[in-house]
Amino acid sequence: QVQLVESGGGLVQAGGSLRLSCAASGRTFSNYAMAWFRQAPGKEREFVAAINWSGGATNYADSVKGRFTISRDNAKNTVSLQMNSLKPDDTAVYYCAKSQYLYAGGRSNDYDYWGQGTQVTVSS
């Protein structure tokens, strides 16, 4: 069993920054890729960023490339998402997810555990 708990969401003005964190329970955290997804009101959940088991490979949605950075600390069982140059379109609930594989991309079916989500609101 794995539990994922997100933190760091909040209200920020456009152009600002936020850093999301996800704390994972379980001893096998370092065996799996991790990712962030988001869901805006009235929209489907969408992929944001993923990182492989070691942190050596990352993958981003085009909409956040160059602005967001995903990272992980396997010693602390955490994965983070640094979000810079935020836009109102980034407003959503952000979810941390654990993959079933060492490497993973944007397919939500690749992920078997999800956090409860943290709200990010970007004002114009």
Side-chain angles (χ1 to χ4, degrees):
Q1 191 75 6
V2 174
Q3 286 191 323
L4 303 173
V5 179
E6 302 97 335
S7 62
L11 174 64
V12 65
Q13 288 188 333
S17 298
L18 279 176
R19 185 176 181 86
L20 306 183
S21 293
C22 173
S25 66
R27 295 178 296 173
T28 60
F29 174 78
S30 61
N31 290 353
Y32 302 101
M34 299 290 294
W36 290 92
F37 287 75
R38 67 187 182 187
Q39 187 167 19
K43 296 186 177 181
E44 292 188 354
R45 184 172 56 193
E46 65 175 0
F47 169 75
V48 175
I51 189 165
N52 77 320
W53 66 279
S54 68
T58 57
N59 186 15
Y60 296 93
D62 288 343
S63 60
V64 306
K65 205 170 291 185
R67 300 188 297 123
F68 290 10
T69 302
I70 188 171
S71 60
R72 68 188 296 161
D73 185 337
N74 286 343
K76 297 181 178 179
N77 280 14
T78 60
V79 60
S80 299
L81 184 69
Q82 177 66 42
M83 305 186 295
N84 298 330
S85 302
L86 283 161
K87 305 174 182 179
D89 284 349
D90 295 318
T91 295
V93 176
Y94 283 71
Y95 297 91
C96 174
K98 171 196 161 295
S99 173
Q100 303 177 67
Y101 311 109
L102 292 173
Y103 292 83
R107 297 195 316 169
S108 59
N109 286 345
D110 288 347
Y111 299 86
D112 54 358
Y113 288 95
W114 298 79
Q116 293 299 308
T118 185
Q119 176 71 47
V120 171
T121 304
V122 184
S123 63
S124 58

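For clarity, every value in this text was computed on a predicted model and none was experimentally measured. Sequence positions, counted from 1, serve as the residue numbers for this chain. Just so it is clear, the values below take in all heavy atoms, side chains as well, and ignore hydrogens, waters and symmetry mates.
Take S17 and apply the side chain to side chain donor-acceptor pair (under 3.5 Å) test, not counting sequence neighbours, and it matches N84. With sequence neighbours excluded, no residue forms a salt bridge (Lys or Arg N to Asp or Glu O under 4.0 Å) with R45. Listed by chain and number, the residues in a ring-ring contact (aromatic ring centres under 6.0 Å, His included) with F47 are F37 (sequence neighbours excluded). Contacts of Y94 classified as ring-ring contact (aromatic ring centres under 6.0 Å, His included), with partners at least two apart in sequence or in another chain: none.
In this structure, W53 and Y103 have side chains that are in contact, with non-hydrogen atoms separated by less than 4.5 Å. A heavy-atom distance below 4.5 Å is not found between the side chains of V64 and M83. Between Q13 and L86, every side-chain heavy-atom pair lies at or beyond the 4.5 Å cut-off. Contact annotation: the side chain of T78 never approaches that of S21 to less than 4.5 Å [non-hydrogen atoms, C-beta and beyond]. Two residues are said to be in side-chain contact when any heavy atoms from C-beta on lie closer than 4.5 Å; S71 and Q82 fail this criterion. Using a 4.5 Å cut-off on side-chain heavy atoms (C-beta onward), Y101 and N52 make no contact.
A distance of 8.0 Å separates CG of L20 from CZ of F68, quoted to the nearest 0.5 Å. Of the inter-residue distances, the one linking D90 atom CG with L18 atom CG reads 10.0 Å to the nearest 0.5 angstrom. Here S30 contributes atom OG and D73 contributes atom CG; the two are 11.0 Å apart, rounded to the nearest 0.5 Å. Atom CG of L102 sits about 9.0 Å away from atom OG of S54, to the nearest 0.5 Å.
Within 6.0 Å of CZ in R107 there are 12 or fewer heavy atoms belonging to other residues, nucleotides or ligands. Applying the 6.0 Å contact sphere to CD of Q119 captures more than 12 heavy atoms from other residues, nucleotides or ligands. Counted within 6.0 Å of CD on Q39, heavy atoms from surrounding residues, nucleotides or ligands total more than 12; the atom is thus considered enclosed.
A pairwise comparison of heavy atoms in S123 and L11 identifies CB-CD1, 4.4 Å as the closest pair. Scanning all heavy atoms of the two residues, the minimum distance from Y113 to V2 falls at CD2-O, 3.4 Å. Taking all atoms of both residues into account, the shortest heavy-atom contact from P88 to S124 is CG-CB, 3.9 Å. Of all heavy-atom pairs between M34 and I70, the closest is O-CD1, 4.1 Å. Closest of all the heavy-atom pairs between W114 and S108 is CZ2-O, 3.8 Å. Residue A104 comes nearest to Y111 through the heavy atom pair CB-OH, 3.3 Å, listed as atom of the first residue, atom of the second, then distance.
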Quiz prompt | Trace of the side chain to side chain contact (heavy atoms under 4.5 Å, CB included) decision for L4 with Y95 | solution = CA-CA 9 Å; L4 303 173; Y95 297 91; over 6 Å; no
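Annotation: salt bridge (charged side-chain N to carboxylate O under 4.0 Å, His left out) contacts involving residues 49-62, sequence neighbours excluded, comprise D62-K65. The list of salt bridge (charged side-chain N to carboxylate O under 4.0 Å, His left out) pairs with a residue in residues 112-124, not counting sequence neighbours, reads K98-D112.
A distance-only check finds no donor-acceptor pair linking the side chain of Q1 to the backbone of S25 [under 3.5 Å]. Remark: the backbone N or O of C96 is paired with a side-chain donor or acceptor of E6 at under 3.5 angstrom. T121 places no side-chain N or O within donor-acceptor distance of the main-chain N or O of T91, the cut-off being under 3.5 Å.
With Y60 as the aromatic partner, R67 does not meet the cation-pi criteria of under 6.0 angstrom to the ring centre and within 45 degrees of the ring axis.
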